[in-house]
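Read through the structure below, which is laid out as structure tokens, and then see the notes.
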Amino acid sequence: MPQIPPAAPRADIALPASFGAALWRGARCRCPRCGEAPLFRKWLKPHDRCPACALDISGQRADDFPAYVSIFVTGHLLAPVLIILASDFALSSMAILAIILPLAVIFMLVTLQPAKGGVIALQWWHGMHGFRRERLPEPQDELQ
């Protein structure tokens, strides 16, 4: 199978203006640099290179941090539900577990990919793990 050369970086890439914009792109599972191409080729497997802007994503090291973020978000979303179920309804412990455990699994699965995209965007923004730190040019002061 012949090797396909990587696409050349484009000059018209719309870099994000702030860390929040880059993080939002990553959480939407889009490339944090251009925001156009999908970040993942499989559920949690990122592309080696962005198909649109040729950003090398292969060096990312998200490791366990996305799982910690998902656990944190899931716990904070389900804590009020658990408190309401335990205090306002006369449910047995088994009934509460039958409600909470499937919800926890669903929330974890739903939040894991956006959390990984956000971690990759964080690494790209700060130039970590082989990413090159890229920013929009600073506007020049008109008084100078």
Side-chain angles (χ1 to χ4, degrees), residues 1-140:
M1 186 167 157
Q3 292 285 353
I4 299 170
R10 295 183 355 218
D12 62 336
I13 295 170
L15 292 174
S18 67
F19 171 66
L23 191 64
W24 179 246
R25 287 178 178 182
R28 287 183 14 237
C29 303
R30 310 303 285 171
C31 172
R33 183 182 191 205
C34 67
E36 294 177 17
L39 189 57
F40 298 100
R41 67 176 182 251
K42 293 184 181 177
W43 186 54
L44 288 176
K45 286 276 196 189
H47 288 283
D48 291 333
R49 284 193 177 274
C50 173
C53 69
L55 173 67
D56 182 17
I57 306 170
S58 64
Q60 64 83 22
R61 297 287 174 248
D63 297 331
D64 292 336
F65 191 50
Y68 296 138
V69 171
S70 293
I71 290 168
F72 183 79
V73 169
T74 299
H76 281 79
L77 290 175
L78 287 182
V81 174
L82 186 59
I83 292 168
I84 289 169
L85 287 176
S87 63
D88 292 347
F89 299 100
L91 297 175
S92 68
S93 297
M94 291 307 289
I96 292 174
L97 282 176
I99 294 169
I100 291 295
L101 289 179
L103 283 176
V105 169
I106 290 168
F107 284 174
M108 285 293 298
L109 292 176
V110 166
T111 59
L112 195 54
Q113 190 181 38
K116 185 164 184 173
V119 169
I120 292 171
L122 174 126
Q123 292 175 0
W124 173 78
W125 182 261
H126 292 292
M128 301 164 58
H129 303 293
F131 287 115
R132 187 170 47 101
R133 188 173 174 176
E134 299 176 272
R135 299 282 192 277
L136 290 173
E138 294 291 326
Q140 298 296 327

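The figures that follow rest on heavy atoms only: side chains count, while hydrogens, waters and symmetry mates do not. What you see is a predicted model; the values in this text were computed from it and never measured.
In summary, of the residues considered (Ile71, Thr74, Val69), a side-chain contact (heavy atoms from CB on, under 4.5 Å) with Thr111 occurs for Thr74 alone.
We find the CD-OG distance between Gln113 and Ser70 to be 10.5 Å, quoted to the nearest 0.5 Å. Remark: Lys116 NZ to Asp63 CG distance equals 8.5 Å, nearest 0.5 Å. In this structure, NE2 on His47 lies 9.5 Å from CZ on Phe40, to the nearest 0.5 angstrom. Atoms CZ and CZ, on Arg28 and Arg30 in that order, are 7.0 Å from each other to the nearest 0.5 Å. Considering CG of Leu44 and CG of Leu39, their distance stands at 10.5 Å, rounded to 0.5 Å. Atom CD1 of Ile57 and atom CD of Gln123 lie 11.0 Å apart (nearest 0.5 Å).
In this structure, the side chains of Ile99 and Leu91 come closer than 4.5 Å at one or more pairs of heavy atoms. Residues Ile100 and Val81 form a side-chain contact, since some pair of their non-hydrogen atoms from C-beta on lies under 4.5 Å apart.
Here the closest non-hydrogen pair linking Ala17 and Ala21 is N-CB, 4.3 Å. Shown here for Leu109 and Trp43, the closest heavy-atom pair between the two residues is O-CZ2, 3.5 Å. Closest of all the heavy-atom pairs between Ala121 and Ala22 is CB-O, 3.2 Å. Between Pro102 and Leu97, the shortest heavy-atom distance links the atoms CD-O, 3.8 Å. Considering every non-hydrogen atom in both Leu55 and Cys31, the closest pair reads CD2-SG, 4.0 Å. Residues Arg33 and Arg25 share a closest heavy-atom pair of O-NH1, 2.7 Å.
For Phe19, the CZ atom counts as densely surrounded, since its 6.0 Å shell holds more than 12 non-hydrogen atoms of other residues, nucleotides or ligands. Phe65 CZ: 12 or fewer foreign heavy atoms inside a 6.0 Å radius.
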Step by step, would you call Asp56 with Arg49 a side chain to side chain contact (heavy atoms under 4.5 Å, CB included)?
-> CA-CA 5 Å; Asp56 182 17; Arg49 284 193 177 274; 3.9 Å; yes

Test side chain to side chain donor-acceptor pair (under 3.5 Å) on Gln60 and Trp124 and set out the steps.
-> CA-CA 8 Å; Gln60 64 83 22; Trp124 173 78; over 6 Å; no

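The existence of a salt bridge linking Asp48 and Arg41 is confirmed by a sub-4.0 Å separation between a basic side-chain nitrogen and an acidic carboxylate oxygen.
Ring centroid separation for the pair Phe131 and His126 does not come in under the 6.0 Å cut-off.
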